[in-house]
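Below is one structure; the comments refer to it alone.
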Amino acid sequence: MATPIQMPSLSPTMKEGKIVKWLKKVGDKIASGDAIAEVETDKSNLEVEAYDDGFLLEISVPEGEVATVGAPIGYLGAKGEKVSGGAAAPAAAPPKAEAPKAAAPSAPQAPAPAAKPPAQPAAAAGSGEGIAILMPSLSPTMKEGKIVKWLKKAGDKVSSGDAIAEVETDKSNLEVEAYDDGTLARIVTNEGDVATVGAPIAYLTPKGAKAGASAPAAAASAPKAPAPAAAAPSAPAGAQVVPIRREAAPAASGGGRLRASPLAKRIAQERGLDLAQVRGSGPLGRVVKRDVEQALGQGLAKPPAQAAAPAAKKTGAQPEARAFGTRPEPQAVPMSSMRKVIGQRMSEVKPGVPHFYLTVEVEMEAAVKIREEAKALDVKVSVNDIIVKAAAIALRRSPKMNVSLQGDQVLHYGTVDVGIAVAIEDGLITPIIRDADLKGLQTISAESRDMAERARKRALKPAEYTGGSLTVSNLGMYGIDQFIAVINPPQSAILAVGAVAEKAVARDGQVVVRKVMTVTLSGDHRVIDGATGAEYLRELKGLLEHPTRLLF
């Protein structure tokens with residue numbers, strides 16, 4: 001049966017692509033991994049690869065026309081096979097099959113009424129079914145709680161008023177008390193797991209009754225179902241999170257073969273990642289490079305996961321100690337209950353990414369002098385290159401700033417990658433300077449110019465404009481004194497840099513003229529607090545006013 005070649009999502013923000021050129025023609029033999037078409041995205045021009053072997057049976061979208069992500073642009077199949085409406089439909093069906101899967105967990109969302117049914121287990125206590133111990137609301141803003149530690153174990157006798165578990169809320173860690181006498185029959189929510197307010201976390205057998213296995217067993221499976229249901233919406237919202245497979249079946253289609261691009265398979269094999277645990281975002285659910293990288297970022301591969309614990313202890317020092325050329329994977333850390341509530345409350349006030357802004361004035365006398373000295377030596381270094389270098393070192397010294405939010409996890413980066421905002425004819429793009437804290441000014445200058453030129457030609461690759469936690473946006477060359485920039489998700493911060501201008505300032509009781517620049521930091525309040533941003537700006541200001549510190 002003919003298989004549709006779908007328009008892939010080649011960038012995080014891509015919704016449609018334009019066929020610039022077909023690299024294969026109808027009737028050509030195609031192998032998995034072959035480039036078959038050149039596509040213009042919202043960022044640059046990229047090639048589309050085939051994910052199966054076969055012959056190109058039909059081109060559905062001619063050169064110059066646009067197709068939405070996921071729409072068929074051609075068909076692949078056996079030599080001489082005919083493409084019919086009936087054949088195409090089943091081939092395109094697998095992605096739609098996701099809808100029932102996504103909807104399926106909504107059935108267990110019936111545990112939402114589990115807030116009402118507690119009356120039933122309690123009423124049935126006399127019949128030996130047990131009493132449900134529910135997750136209490138321990139603060140006005142609490143919506144869920146995390147079991148930090150069980151203070152009682154299954155089989156222990158419990159009296160009314162006994163502390164049975166320690167729970168982490170959005171405010172603090174508190175103890176949950178029992179309200180009845182009896183025996184702790186079964187623990188439903190294990191240590192480290194989260195339960196919504198009103199959901200059963202354990203079952204108590206009333207005093208004088210025998211523990212029944214059937215009711216708690218059924219209850220144990222019920223609360224587990226809401227977890228995937230709650231996690232499902234987070235995938236579209238984060239747009240960068242790779243949903244983990246809950247079922248054992250691999251990402252296969254039709255014949256049960258694992259669908260993954262050759263590059264994705266190679267990276268997964270090198271990093272020890274089980275592709276069956278990764279849900280693909282490519283055509284027909286294929287796993288592509290982006291999915292593997294995001295899964296590695298979540299710590300799914302065993303080797304990085306084992307190394308994550310020591311890395312967490314030395315988050316601040318790790319970037320300084322690492323050798324140039326080594327790039328540790330970011331460490332994925334689940335959001336704490338407090339951070340979740342902060343994110344929810346901030347998003348209510350400022351929907352989407354809740355920004356906050358901090359502004360500081362920086363004296364640029366010494367930085368401008370460095371630029372002039374470099375110019376005298378015929379070395380091309382701009383003020384912006386100095387700012388990028390200072391922003392990177394300040395980021396390394398402020399590891400709490402070097403983060404990004406992806407779904408319900410915070411990625412802590414072990415590398416310092418800084419974006420630079422580049423204006424192009426159709427809008428704006430942010431190429432990334434990798435390891436900017438480890439590179440010299442001349443290298444940063446050369447890379448910035450090269451990527452800016454290729455950005456204007458739409459020749460950047462996705463890896464060159466994705467990643468990082470912070471971007472530098474400089475409008476000083478346009479004479480702008482001060483402005484506020486909008487964060488480029490999933491990054492968590494952006495620096496808005498104004499012009500270097502002479503201003504009258506007070507120094508030692510005297511009015512003097514100094515070259516001054518205004519910098520405004522926009523931060524994502526879901527993962528960065530004002531004090532964290534203020535410490536970062538203080539470090540940045542010190543580096544720019546005393547640029548010799550950039551050498552140490």
Side-chain angles (χ1 to χ4, degrees), residues 1-11 14-42 44-101 242 245 249-269 275-276 278-292 461-462:
M1 185 175 292
T3 302
I5 303 168
Q6 295 176 311
M7 175 64 74
S9 176
L10 300 171
S11 81
M14 178 178 171
K15 294 184 178 179
E16 62 182 15
K18 178 181 177 182
I19 302 293
V20 176
K21 185 180 180 182
W22 278 97
L23 306 177
K24 301 287 185 180
K25 60 183 185 293
V26 173
D28 283 357
K29 188 176 182 180
I30 293 173
S32 177
D34 283 354
I36 56 175
E38 183 181 345
V39 171
E40 177 186 290
T41 75
D42 58 326
S44 57
N45 289 7
L46 300 167
E47 291 181 345
V48 174
E49 293 182 2
Y51 294 93
D52 288 288
D53 301 335
F55 290 84
L56 186 58
L57 303 178
E58 180 182 295
I59 290 175
S60 307
V61 181
E63 293 179 0
E65 293 193 9
V66 173
T68 56
V69 169
I73 58 174
Y75 286 88
L76 198 67
K79 189 173 183 179
E81 184 179 353
K82 297 293 183 183
V83 179
S84 63
K96 294 207 172 180
E98 290 297 319
K101 273 191 181 175
V242 182
R245 287 188 179 276
S253 70
R257 182 170 63 86
L258 183 71
R259 289 185 172 273
S261 71
L263 181 58
K265 288 179 180 178
R266 180 171 61 80
I267 295 174
Q269 185 176 10
L275 286 178
V278 182
R279 186 178 296 280
S281 63
L284 295 178
R286 293 176 178 85
V287 178
V288 293
K289 178 186 175 184
R290 178 178 62 254
D291 304 323
V292 173
K461 297 176 182 177

Side chain to side chain contact (heavy atoms under 4.5 Å, CB included) partners of [X], counting only residues at least two apart:
X: Leu76; answer: Ile5, Ile30, Asp52
X: Ala31; answer: Asp34, Asp53
X: Val66; answer: Glu16, Lys18

Taking all non-hydrogen atoms of both residues into account, name the closest pair between [X] and [Y] and its distance.
X: Trp22; Y: Ile73; answer: CZ2-O, 3.3 Å
X: Ala67; Y: Ala71; answer: CB-CB, 4.5 Å
X: Val39; Y: Gly17; answer: CG1-CA, 3.9 Å
X: Ala268; Y: Val292; answer: N-CG1, 4.2 Å
X: Ala50; Y: Ile36; answer: CB-CG2, 4.1 Å

*Got Met7 and Ile19 here, is their nearest side-chain heavy-atom distance under 4.5 Å?*
yes
*Any side-chain heavy-atom pair from Pro8 and Val69 closer than 4.5 angstrom?*
no
*salt bridge (charged side-chain N to carboxylate O under 4.0 Å, His left out) with Lys25: which residues, sequence neighbours excluded?*
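With neighbours one apart ignored, the set is Asp28.
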*Just by distance, do the side chain of Glu38 and the backbone of Asn45 share a donor-acceptor pair under 3.5 Å?*
no
*Nearest-0.5 Å distance that lies between atom CZ in Phe55 and atom NZ in Lys24*: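 Going from the CZ atom of Phe55 to the NZ atom of Lys24 covers 11.5 Å.
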_By the side chain to side chain donor-acceptor pair (under 3.5 Å) test, which pairs, at least two apart or in different chains, include something from residues 60-74?_
Glu58-Ser60
_Under the side-chain hydrogen bond (donor to acceptor under 3.5 Å, both in side chains) test, residues paired with Glu40 that sit two or more places apart_ =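 For Glu40, no residue satisfies side-chain hydrogen bond (donor to acceptor under 3.5 Å, both in side chains) once neighbours in sequence are set aside.
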